[in-house]
Peer 1: 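Submitted below is the structure of interest, expressed as structure tokens.
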Amino acid sequence: MVTPTEQEHPKKAFGWAARDSSGVLSPFKFSRRETGEKDVSFKVLYCGICHSDLHVVKNEWDFSTYPLVPGHEIVGVVTEVGSKVQKFSVGDKVGVGCMVGSCTSCDSCSNNLENYCPKYILTYGAKYHDGTITYGGYSDFMVADEKFVIRVPDNLPLDGAAPLLCAGITTYSPLRYYGLDKPGMHVGVVGLGGLGHVAVKFAKAMGVKVTVISTSPNKKKEAIEHLCADSFLVSRDQDQMQAAMGKMDGIIDTVSAVHPLLPLIALLKSNGKLVMVGAPEKPLELPVFPLLLGRKMVAGSNIGGMKETQEMIDFAAKHNITAQVEVIPIDYLNTAMERLAKTDVKYRFVIDVGNTLKST
């Protein structure tokens with residue numbers, strides 16, 4: 001006999017869930033575990049809507065389990081800590097990003113790369129250590145092991161900080177790891193959306209020259225005047241792309257739709273790196289000869305470990321970096337998902353969970 005989600009754990013919880021691949025979300029009662037000795041419980045105040053939430057609620061990546069409570073850009077205030085918790089106290093501002101667990105013993109975990117642990121546990125729609133399914137931040141509160149909780153600096157507004165726990169670390173980590181963070185370097189950012197606009201902010205704060213690469217000419221003013229990019233390329237303009245060939249040390253590609261890679265590879269200098277952080281649902285075509293002829297690299301990057309995620313949000317606080325957000329009430333959620341599918345958001349929806357989620 002299957003235990004109802006409301007009775008699976010001792011603490012009653014409430015959120016919004018998708019029940020099937022239609023992706024439609026509606027109010028949902030479930031439960032969370034008691035605060036364990038190493039756990040932090042916190043009231044969710046804001047939760048960002050990531051493009052991957054849209055993929056997963058519609059089962060476009062073929063691993064969704066329902067009912068599914070999305071949300072992995074979660075921030076709030078600590079309400080309870082376990083007896084062995086050392087890093088957090090009641091009242092602290094905290095966040096949880098894309099993962100809530102890992103094996104803690106493999107090479108990746110030992111090197112603060114929990115995001116590459118073969119057994120890492122996603123914040124929602126995954127099986128936790130106790131065999132139950134994880135539920136995300138479109139909900140009233142969270143319980144998580146302190147190892148997977150991030151301290152949010154006091155000077156960061158929580159609504160603008162929430163997307164940094166996914167979009168922020170997704171772009172910060174490859175800039176650091178692939179050495180694209182050196183002052184004077186030239187880095188391209190493909191796509192000016194939820195990931196791309198944060199990538200521009202981080203790269204500029206690192207002292208890097210930034211070119212935004214987009215299919216939309218109407219984004220030029222925003223890129224240069226508001227995000228302080230140094231230049232703008234319309235990727236469909238062959239003359240502009242030709243003039244920029246061989247100029248960039250690296251490119252962060254944030255696009256989650258199918259798109260050609262050859263024009264981007266051509267923009268790289270010899271030894272340049274094209275780093276993929278978007279997740280198209282279909283395979284892309286990769287031409288090999290341009291890689292051979294310039295000793296160029298096409299690479300990937302997936303969020304970051306917990307140590308680096310804390311480093312990222314501390315860097316963001318130091319440089320006053322937040323995501324540009326549209327804050328919405330939770331009952332606007334399905335409309336927001338429809339708009340997100342059309343890229344009709346500038347640049348990240350964030351749910352005002354604390355003020356708008358009501359269990360009655």
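Values below: all heavy atoms of this structure, side chains included; hydrogens, waters and symmetry mates excluded.
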Peer 1: Can you tell me if CZ on Phe88 sees more than 12 non-hydrogen neighbours from other groups inside 6.0 Å?
Peer 2: yes
Peer 1: Should the heavy atoms of other residues, nucleotides or ligands under 6.0 Å from CE of Met297 be counted, would the total exceed 12?
Peer 2: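 No - once you tally the heavy atoms of other residues, nucleotides and ligands closer than 6.0 Å, there are 12 at most.
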Peer 1: Between atom CD of Glu73 and atom SG of Cys47, what is the distance when rounded to the nearest 0.5 Å?
Peer 2: 7.0 Å
Peer 1: Using the ring of each side chain (for Trp, its six-membered ring), is His55 parallel, tilted or perpendicular to Trp61, with breaks at 30° and 60°?
Peer 2: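 The rings of His55 and Trp61 lie parallel, inter-plane angle below 30°.
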Peer 1: If I compare all heavy atoms of Leu195 with all of Ala167, which pair ends up nearest, and what's the gap?
Peer 2: CD2-CA, 3.4 Å
Peer 1: Side chains of Val69 and Tyr124: does their closest heavy-atom pair fall under 4.5 Å?
Peer 2: no
Peer 1: Just wondering, are more than 12 heavy atoms of other shown residues or ligands nearer than 6.0 Å to NZ in Lys87?
Peer 2: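 Atom NZ in Lys87 is packed in, count exceeds 12.
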Peer 1: Verify the cluster assignment for Val277 and Leu274: are they in a single hydrophobic cluster under the rule of side-chain heavy atoms below 4.5 Å apart?
Peer 2: no
Peer 1: For a 4.5 angstrom cut-off between non-hydrogen side-chain atoms, does Ile351 reach Leu357?
Peer 2: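 Contact flag for Ile351/Leu357 side chains = no.
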Peer 1: With a cut-off of 6.0 Å (strictly less than), are more than 12 heavy atoms of other residues, nucleotides or ligands near NZ of Lys269?
Peer 2: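 For Lys269, atom NZ is crowded (more than 12 foreign heavy atoms under 6.0 Å).
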Peer 1: Going only through I, L, V, M, F, W and Y residues with side-chain contacts under 4.5 Å, is there a path from Leu267 to Val190?
Peer 2: yes
Peer 1: Hey, what do you get for CE (Met306) to CG (Asn115), rounding to the nearest 0.5 Å?
Peer 2: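 One gets 9.5 Å once the value is rounded to the nearest 0.5 Å.
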Peer 1: What closest approach, in Å, do Ile121 and Lys127 show between heavy atoms, and which atom pair accounts for it?
Peer 2: CG2-O, 3.7 Å
Peer 1: Under the side chain to side chain contact (heavy atoms under 4.5 Å, CB included) rule, what do Glu222 and His197 come out as? Steps first, then yes or no, please.
Peer 2: CA-CA 10 Å; Glu222 172 74 13; His197 87 286; over 6 Å; no
Peer 1: With the side chain counted from C-beta on, respond yes when Asp39 and Arg33 share a heavy-atom pair under 4.5 Å apart, and no when they do not.
Peer 2: yes
Peer 1: Nearest 0.5 Å, please: how far is CZ in Phe232 from NZ in Lys219?
Peer 2: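 Those atoms lie 8.0 Å apart.
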Peer 1: So, for Thr356 and Ile330, which heavy atoms are closest and what is the spacing to 0.1 Å?
Peer 2: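 Scanning both residues, the minimum pair turns out to be OG1-N, 3.0 Å.
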Peer 1: Applying side chain to side chain contact (heavy atoms under 4.5 Å, CB included) to Leu286 and Ile265, what does each step give before you reach the verdict?
Peer 2: CA-CA 10 Å; Leu286 178 62; Ile265 293 170; 4.2 Å; yes
Peer 1: Any heavy-atom pair between the side chains of Met142 and Thr123 that's under 4.5 Å?
Peer 2: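 When only atoms from C-beta onward are counted, Met142 and Thr123 do touch, with a gap below 4.5 Å.
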Peer 1: List the atom of Arg19, the atom of Phe28, and the distance in Å for their closest heavy-atom pair.
Peer 2: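 The answer is NH2-CD1, 3.7 Å.
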Peer 1: For the CG atom on Asn218, are there more than 12 heavy atoms of other groups (residues, nucleotides or ligands in this structure) within a distance under 6.0 Å?
Peer 2: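 Result for CG/Asn218: enclosed.
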Peer 1: Got Arg339 and Tyr332 here, is their nearest side-chain heavy-atom distance under 4.5 Å?
Peer 2: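 Yes; the side chains approach each other to less than 4.5 Å.
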Peer 1: Check the hydrophobic clustering (I, L, V, M, F, W, Y; side-chain heavy atoms under 4.5 Å; chains of links allowed) and say if Leu175 and Tyr177 are grouped together.
Peer 2: yes
Peer 1: Hey, are the side chains of Val345 and Ile49 touching, using non-hydrogen atoms and a 4.5 Å cut-off?
Peer 2: no
Peer 1: Please check if atom NZ in Lys182 has more than 12 non-hydrogen atoms from other residues, nucleotides or ligands closer than 6.0 Å.
Peer 2: yes
Peer 1: Enter the distance from Ser301:OG to Lys273:NZ here, rounded to the nearest 0.5 Å.
Peer 2: 13.0 Å
Peer 1: With side chain to side chain contact (heavy atoms under 4.5 Å, CB included) as the test, would you mind laying out the steps for His226 and Gln324 before giving the verdict?
Peer 2: CA-CA 11 Å; His226 295 283; Gln324 190 169 326; 5.7 Å; no
Peer 1: Are Val78 and Val44 grouped together when hydrophobic residues (ILVMFWY) are joined by side-chain heavy atoms under 4.5 angstrom apart?
Peer 2: yes
Peer 1: Determine the minimum heavy-atom distance between Tyr138 and Asp53, stating which atoms define it.
Peer 2: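 Minimum heavy-atom separation between Tyr138 and Asp53: OH-OD2, 2.7 Å.
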Peer 1: In Å, rounded to the nearest 0.5 Å, how long is the span from CD of Glu338 to CG of Leu333?
Peer 2: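 CG of Leu333 is found 10.5 Å from CD of Glu338.
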Peer 1: How long is the span from the NE2 atom in His72 to the CG atom in Leu165, to the nearest 0.5 Å?
Peer 2: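 Reported value, rounded in 0.5 Å steps: 9.5 Å.
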Peer 1: State, without any angle test, whether Thr79 and Ser41 hold a side-chain donor-acceptor pair at a distance under 3.5 Å.
Peer 2: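 Absent: no donor and acceptor within the cut-off.
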Peer 1: Heavy-atom distance under 4.5 Å between the side chains of Val198 and Tyr347, does that happen here?
Peer 2: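 No - every pair of side-chain heavy atoms lies 4.5 Å or more apart.
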Peer 1: Set out, in order, the CA-CA distance, both residues' side-chain angles and the distance that settles side-chain hydrogen bond (donor to acceptor under 3.5 Å, both in side chains) for Glu8 and Thr132, then state yes or no.
Peer 2: CA-CA 8 Å; Glu8 206 165 41; Thr132 60; 5.1 Å; no
Peer 1: Is there a path from Ile321 to Val327 through hydrophobic residues (I, L, V, M, F, W, Y) whose side chains come within less than 4.5 Å of each other?
Peer 2: yes
Peer 1: Give a yes-or-no answer on whether the side chains of Glu311 and Tyr172 include a donor-acceptor pair shorter than 3.5 Å.
Peer 2: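 Side-chain D/A pair, Glu311 to Tyr172: present.
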Peer 1: Do Asn59 and Ser64 have side-chain N/O donor and acceptor atoms under 3.5 Å apart?
Peer 2: yes
Peer 1: Are His259 and Leu261 packed together at the side-chain level, in the sense that at least one heavy-atom pair is separated by less than 4.5 angstrom?
Peer 2: yes
Peer 1: More than 12 foreign heavy atoms under 6.0 Å from CZ of Arg236: is that the case here?
Peer 2: no
Peer 1: Is any side-chain N of the basic residue among Asp145 and Lys38 closer than 4.0 Å to the acidic one's carboxylate O?
Peer 2: no
Peer 1: One pair to check against side chain to side chain contact (heavy atoms under 4.5 Å, CB included): Val81 and Asp92. What are the steps and the verdict?
Peer 2: CA-CA 11 Å; Val81 296; Asp92 287 348; over 6 Å; no
Peer 1: Can you name the nearest heavy-atom pair linking Val143 to Thr35, along with the distance?
Peer 2: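 Taking Val143 first and Thr35 second, the nearest heavy atoms are CG1-CA, 4.3 Å.
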Peer 1: When you look at NZ of Lys296, are more than 12 heavy atoms from neighbouring residues, nucleotides or ligands closer to it than 6.0 Å?
Peer 2: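 Yes - once you tally the heavy atoms of other residues, nucleotides and ligands closer than 6.0 Å, there are more than 12.
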Peer 1: Do the side chains of Lys204 and Asp230 get close enough for a salt bridge, i.e. N-O under 4.0 angstrom?
Peer 2: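 Answer for the salt bridge query: yes.
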